[in-house]
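As the structure is a prediction and not an experimental result, all values here were calculated from the model.
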Amino acid sequence: QVQLAESGGGSVQAGGSLRVSCVNSGRTFSWNTMGWFRQAPGKEREFVAVISWTTGSTVYADSVQGRFIISRDKAKNTGYLQMNSLKPEDTAVYYCAASYSSRYSFKANNVDYWGQGTQVTVYS
């Protein structure tokens, strides 16, 4: 069974950086894509970034393009989201997700595996 677990969230001042990680602690499994969603209080869960597990190709939401970098280490079964130039509006619970879908079809309603989420708070 795939079990995704996030780590690395926390609080940071605006303009700062954080890196969150997502490790599969369950059985080894080959999904097509791994990515991140986030959900702020009172808002819907939104797409942040996705990476093709095999090719490393990426797609980003417009709101994070140029500031966030998604990556993965296949040997460690771990994905990462490096968040730079953070803004207060980036404050949310960040969820790791893995899917059989392609990176262009990576949506919340077709994610196959979710992590439990990690809080990221950016204060001004």
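Placement of Tyr95 and Val23 in two distinct hydrophobic clusters is found when ILVMFWY residues are connected by side-chain heavy-atom separations under 4.5 Å, directly or transitively. Residues Val50 and Trp53 are members of separate hydrophobic clusters, defined by side-chain heavy-atom contacts under 4.5 angstrom among Ile, Leu, Val, Met, Phe, Trp and Tyr. The same ILVMFWY cluster, assembled from side-chain heavy atoms under 4.5 Å apart, contains both Trp36 and Val122.
Taking both residues in full, the closest heavy atoms of Arg67 and Ser85 are given as NH1-O, 2.9 Å, listed atom of the first, atom of the second, then distance. Among all heavy-atom pairs drawn from Ser63 and Arg38, the shortest one is OG-NH2, 3.5 Å. Nearest heavy-atom pair across Ser21 and Tyr80 is OG-CD2, 3.3 Å. Contact between Lys43 and Gln39 at its shortest, heavy atoms only, is O-NE2, 3.1 Å. Scanning both residues, Phe37 and Val48, for their nearest heavy atoms gives C-CG2, 3.8 Å. The heavy-atom pair separating Gly56 from Arg72 by the smallest distance is N-NH2, 3.5 Å.
By the 4.5 Å heavy-atom criterion applied to side chains, Met34 and Asn24 are not counted as neighbours. Residues Leu81 and Tyr94 have side chains in contact (heavy-atom distance under 4.5 Å, counting atoms from C-beta outward).
Within 6.0 Å of OH on Tyr123 lie more than 12 heavy atoms contributed by other residues, nucleotides or ligands.
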